[in-house]
Amino acid sequence: MSAGTNKIAVTVTDIIEVNQLVKRFKFERTGGGDLPVFSGGAHTVVEMLDKEITRLNPYSIMSDPMDQNAYTISVRRDDKGRGGSLFMHHQVRVGDEMVISYPVNLFALDLRAKKHLMIAGGIGITPFLAQIKQLTTLQYHFELHYSVRNNTVGSYVDELTSFYPKNTHIYYSDDGQSIDLEQLLDGQPLGTHVYICGPKDMITWVYETAESMGWPREVIHYEEFLAPQSGKPFEVLLEQSNKTIQVGEHQSLLEAMEAADVDAPYLCRGGACGQCETNVISSEGQFIHRDHWLDDEQRKSGKKIMPCVSRFEGKSLVLDR
Amino acid sequence: MSIQFKKETFRNDYTFKNSQWAIDRFPFPFHEDSYMYSVNMEQHQGGPAGSVFEKRFDVDEHYLAEMEDRALVLAEDPLRCQSLPHMTLAGWDLLELIMVSKSEDYPDLFQLHREGNNWRWINKPMKIDDQFVFMDETTLPYGPMEYITRQTQGDFAVLDQRDDNLWMDAGMVTTQADWSLDFDIGMNFFEWHAPVPKAHEMGIFVRALKFLLNIQQGSPARRLNWTMTVNPLLDTSPENYHKWGVEKSTLTVENVGEKQHLRVELQTFFRLPRSNALVFPIRCYLIRLEELVTVPKWGRRLHRIIRDLPEELATYKGFISNRPMIQEYLSGFDDGQPTSDGIWPD
Ligand code: FES
């Protein structure tokens with residue numbers, strides 16, 4: 001199967017500054033026509049043609065899954081990142097044509113749940129916005145606990161509290177407010193599923209707390225996309241394609257393969273889905289594993305790498321790709 | 001061409017037959033002279049004009065007869081159609097997928113008119129003209145999955161995806177090659193595949209599951225599978241083995257060409273948009289050996305496949321006892337000439 005998913009040509013029809021950190025982008029199909037409906041929690045991979053670099057960044061689709069006129073995404077500016085969010089913030093204008101992927105859902109609702117308990121931190125709110133719209137249409141029961149620094153940078157706090165006052169609970173960390181997690185989890189009816197999207201610490205905290213309180217794994221759902229990080233440049237031999245490629249300081253291994261026209265599979269580009277898993281034929285050096293996919297044993301074996309986020313330092317690396 | 005729907009039966013007097021049109025477009029599953037079990041998936045994005053791969057949901061001359069047979073099976077055994085409560089949304093997804101696909105692919109046979117959630121569905125061959133409210137079950141005579149699959153050829157397994165696995169949580173299964181929805185409902189991928197010999201060791205199922213979990217919206221996939229059936233019987237279910245199992249012993253040298261059928265499943269896989277479930281339509285095509293050998297390449301090749309098939313596969317596919325007779329019959333159509341690559345007639 002070829003890399004990624006089917007593509008859709010879209011035009012940026014609106015850009016809204018949500019607050020000093022976050023901008024919202026609206027995409028409509030170029031030349032008109034419906035976009036596919038999707039399921040709440042899905043993301044799309046946005047292609048950015050940034051001079052000679054093609055960036056592919058995943059963003060949760062936050063608009064109503066049943067709305068086929070447009071998709072919206074929210075992009076938080078990351079001044080220290082590798083440039084994808086800066087490109088979206090500074091280069092993209094209304095009227096620009098872009099290419100996005102079909103929606104892919106790696107953070108789906110479990111529709112067997114009697115109640116959907118959502119825990120969001122910061123920009124992690126975006127997949128929940130689509131899920132909440134879907135759950136509202138289906139008349140399912142949900143409750144949102146959303147932690148932000150303060151009202152000025154709390155994206156969509158006002159909309160949520162005015163549309164869903166009974167279901168929404170906001171916590172301002174600047175004011176010392178925080179979720180009383182144990183009490184919250186303790187009071188849930190049987191059949192509740194918990195969903196977490198936010199910073200890594202938050203996910204770990206909720207996951208571990210819930211597990212220690214006896215919640216089964218199948219009812220704890222989370223999504224964390226890592227952004228690939230910069231690192232020392234390195235060289236890789238791709239045996240199947242018979243190519244030697246250089247991975248630049250600000251490039252991921254996956255991006256370097258794509259730049260060399262190697263058809264490498266991916267879905268999330270954030271170390272979560274497992275799709276890019278690649279066999280190592282030989283290596284002399286140190287892996288820098290950053291994904292959530294491989295287990296400790298696989299890491300120790302030195303036989304696998306996830307090129308979307310992980311890197312390598314050392315003398316030589318040969319991959320089965 | 002417009003399709004001439006046939007009046008025929010898949011039980012009792014077995015009047016099922018293929019026209020020359022249906023023979024020529026039969027999905028012959030062997031691309032070379034030997035057969036190895038494999039997952040052999042490809043994209044389901046059209047195919048040669050007129051072939052069964054061309055449309056998303058193929059409609060052929062057996063449509064009305066197959067739908068009648070389905071209604072008979074359901075009347076006898078309503079448990080052939082089941083949907084766990086959380087799968088209703090997937091049912092609507094499936095209804096939409098089929099209605100949109102069929103109305104676009106066969107505008108002379110099917111029409112869909114939509115104004116918001118007020119839908120009108122016209123199925124001309126079945127003389128259906130229904131108005132209903134999308135996502136409102138009370139406006140349809142059956143649940144959405146049952147409603148649309150009573151009008152669509154093939155079995156349907158609707159799989160929920162969670163915990164990195166697939167769960168058989170809904171389905172319409174009346175033309176199955178020896179498996180039971182009522183037995184498999186609620187099972188995960190490994191549980192419902194448990195009886196397959198050998199392949200498990202080959203790690204094939206792990207790879208197949210990984211492939212299926214990653215099928216995305218807008219990128220459906222397909223593969224072919226095959227077996228052998230005596231008489232054109234659609235419903236070869238375990239529930240009814242006592243009825244059809246004995247038919248295997250009615251095969252004779254004289255009637256093998258007429259009674260023995262190659263049974264091919266066109267299996268497709270679509271990600272459903274709202275529910276994130278996966279639908280797995282399994283479409284069954286039957287061809288009697290005497291029809292099949294009218295294509296010389298297929299006669300030669302099927303003879304070699306049947307002759308060389310490993311014992312345990314012939315057992316698994318349920319024709320080990322009749323293999324000598326089938327082989328003998330087919331040998332009369334194999335002159336030893338080489339065959340060309342690929343599944344199509346020369
Ligand atoms: S693309 Fe998902 S883990 Fe690498």
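Naming: A, B, ... by sequence-line order, numbering from 1 per chain.
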Undergrad: CG/B/Asn117 to CE/A/Met66 distance, rounded to the nearest 0.5 angstrom?
TA: 9.5 Å
Undergrad: By a 4.5 Å heavy-atom criterion (distance strictly below it), what part of B/Leu213 contacts chain A: side chain, backbone, both, or neither?
TA: neither
Undergrad: Please determine which of A/Leu111, A/Leu138, A/Val37 meets the side-chain contact (heavy atoms from CB on, under 4.5 Å) test together with B/Arg274.
TA: A/Val37
Undergrad: Identify which of B/Gly218, B/Ser275, B/Ala221 forms the greatest number of heavy-atom pairs closer than 4.5 Å to chain A.
TA: B/Gly218
Undergrad: With a sphere of 6.0 Å drawn around CZ of B/Phe30, does it hold more than 12 non-hydrogen atoms of other residues, nucleotides or ligands?
TA: yes
Undergrad: Quick one: what part of B/Met135 sits under 4.5 Å from any heavy atom of chain A, side chain, backbone, both or neither?
TA: side chain
Undergrad: Is it true that atom NZ of A/Lys115 has more than 12 heavy atoms of other residues, nucleotides or ligands lying nearer than 6.0 Å?
TA: yes
Undergrad: Verify the neighbour count for atom CG of B/Asp341: are there more than 12 heavy atoms of other residues, nucleotides or ligands below 6.0 Å?
TA: no
Undergrad: What's the separation between atom CD in A/Glu218 and atom CG in B/Asp164, rounded to the nearest 0.5 Å?
TA: 11.5 Å
Undergrad: Calculate, to the nearest 0.5 Å, the distance between atoms NE2 and CG belonging to B/His86 and A/Leu109 respectively.
TA: 12.5 Å
Undergrad: Any chance CZ of A/Phe163 has more than 12 other-residue heavy atoms, nucleotides or ligands included, within less than 6.0 Å?
TA: no
Undergrad: If you count the non-hydrogen atoms of other residues, nucleotides and ligands that lie under 6.0 Å from CG in A/Asp295, is the total more than 12?
TA: yes
Undergrad: Write down the atom of A/Asn105, the atom of B/Gln216, and the distance for their closest heavy-atom approach.
TA: N-OE1, 4.5 Å
Undergrad: Side chain from CB out, backbone as N, CA, C, O: work out which of these in A/Asp110 comes under 4.5 Å of a heavy atom of chain B, or both, or neither.
TA: side chain
Undergrad: Identify which of B/Lys210, B/Gln161, B/Glu96 forms the greatest number of heavy-atom pairs closer than 4.5 Å to chain A.
TA: B/Lys210
Undergrad: Can you name the nearest heavy-atom pair linking A/Tyr102 to B/Gln217, along with the distance?
TA: CD2-O, 3.2 Å
Undergrad: Sort A/Pro65 into side chain, backbone, both or neither according to what part of it lies under 4.5 angstrom from a heavy atom of chain B.
TA: neither
Undergrad: Measure distances from B/Asp163 to the heavy atoms of chain A and classify the residue's part below 4.5 Å as side chain, backbone, both or neither.
TA: side chain
